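Read through the structure below, which is laid out as structure tokens, and then see the notes.
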Amino acid sequence: MDELVTRLVAEVGIDRDVAEKAVGIILAFLLKEGPADKMQALLASMPGAEAAARAGESAGGGFGMGGIMGVGTQLMSAGLSMGEVQSVARTLLAYAREKAGEDTVGEIVAAIPGLSQFV
């Protein structure tokens, strides 16, 4: 995950701690909402992703909202603006495509309602 976090710091301009927390929150959301077989393939292709997702689960928050709105609220609570949320999501999914392939990530995005408008 270090490579992805470093990329987020450089490309989005956010602090490393915020980047690590955002990666965890997004991966935990994808793990919960995405197709299990595709998420396992994704996690397997990104060393450290499973631990980051577990850390994201414990980050909690979302003020009781689920789905894409809940994860957006968690990310903004972590210190990201709406524009940074989109930049982090796009960068994370671009990285995931590099590691797991377009088909795997495409099926994950297609399976989660509302996610495609953020990526």
Side-chain angles (χ1 to χ4, degrees):
M1 293 286 74
D2 193 54
E3 180 183 351
L4 173 58
V5 170
T6 299
R7 186 182 295 186
L8 288 169
V9 169
E11 292 182 12
V12 182
I14 58 177
D15 291 339
R16 187 168 191 82
D17 289 344
V18 173
E20 288 175 353
K21 192 170 187 178
V23 167
I25 290 169
I26 293 171
L27 287 175
F29 168 73
L30 294 176
L31 188 58
K32 180 180 176 194
E33 302 288 333
D37 61 328
K38 300 302 177 191
M39 281 308 302
Q40 288 307 313
L42 177 66
L43 294 177
S45 68
M46 297 170 45
E50 199 162 333
R54 280 195 303 273
E57 288 174 353
S58 65
F63 306 104
M65 283 188 266
I68 197 79
M69 294 302 292
V71 75
T73 300
Q74 288 179 34
L75 291 168
M76 288 191 276
S77 294
L80 297 176
S81 69
M82 189 58 169
E84 290 170 334
V85 167
Q86 287 186 311
S87 295
V88 167
R90 287 184 180 132
T91 302
L92 187 149
L93 290 173
Y95 179 82
R97 284 184 184 97
E98 292 171 16
K99 301 299 181 184
E102 176 64 36
D103 290 344
T104 298
V105 175
E107 288 185 43
I108 292 168
V109 171
I112 301 174
L115 182 59
S116 63
Q117 66 185 328
F118 290 95
V119 295

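Note that the structure is predicted; figures quoted are calculated from it, not measured. All heavy atoms count here, side chains included; hydrogens, waters and symmetry mates do not.
Going from atom NZ of Lys32 over to atom CE of Met39 covers 13.5 Å, rounded to the nearest 0.5 Å. Of the inter-residue distances, the one linking Leu80 atom CG with Ile14 atom CD1 reads 5.0 Å to the nearest 0.5 angstrom. Rounding to the nearest 0.5 angstrom, the gap separating the CD atom in Glu98 from the CD atom in Glu3 is 7.5 Å. Note that CD of Gln86 and OG1 of Thr91 are 11.5 Å apart. Values are rounded to the nearest 0.5 Å. Taken from CD in Glu57 to CG in Leu27, the straight-line distance is 10.5 Å, to the nearest 0.5 Å. Here Ile68 contributes atom CD1 and Gln117 contributes atom CD; the two are 7.5 Å apart, rounded to the nearest 0.5 Å.
At least one side-chain heavy atom of Ile26 sits less than 4.5 Å from a side-chain heavy atom of Val88. A heavy-atom distance below 4.5 Å is not found between the side chains of Lys38 and Leu42.
The backbone N or O of Asp37 sits nowhere less than 3.5 Å from a side-chain atom of Gln40 that would complete a donor-acceptor pair.
In this structure, Phe29 and Val71 approach most closely via the heavy-atom pair CB-CG2, 3.7 Å. Of all heavy-atom pairs spanning Gly56 and Ala28, the tightest one is C-CB, 3.8 Å. Closest heavy-atom contact between Ala19 and Val9: CB-CG2, 4.3 Å. For the residue pair Glu107 and Pro35, the shortest heavy atom distance occurs at O-CG, 4.1 Å. Smallest separation of non-hydrogen atoms from Leu43 and Ala49: CD2-CB, 3.6 Å. In plain terms, the two heavy atoms of Gly79 and Glu84 that are nearest each other are O-OE1, 3.9 Å.
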- [ ] Test Val23 against Leu8 for side chain to side chain contact (heavy atoms under 4.5 Å, CB included), laying out the working first.
- [x] CA-CA 9 Å; Val23 167; Leu8 288 169; 3.4 Å; yes
- [ ] Dump the intermediate steps for side chain to side chain contact (heavy atoms under 4.5 Å, CB included) on Arg16 and Thr6, then the final yes or no.
- [x] CA-CA 7 Å; Arg16 187 168 191 82; Thr6 299; 3.4 Å; yes
- [ ] In sequence, state the C-alpha distance, the side-chain angles, and the governing distance for Glu33 and Leu115, and then conclude on side chain to side chain contact (heavy atoms under 4.5 Å, CB included).
- [x] CA-CA 10 Å; Glu33 302 288 333; Leu115 182 59; over 6 Å; no
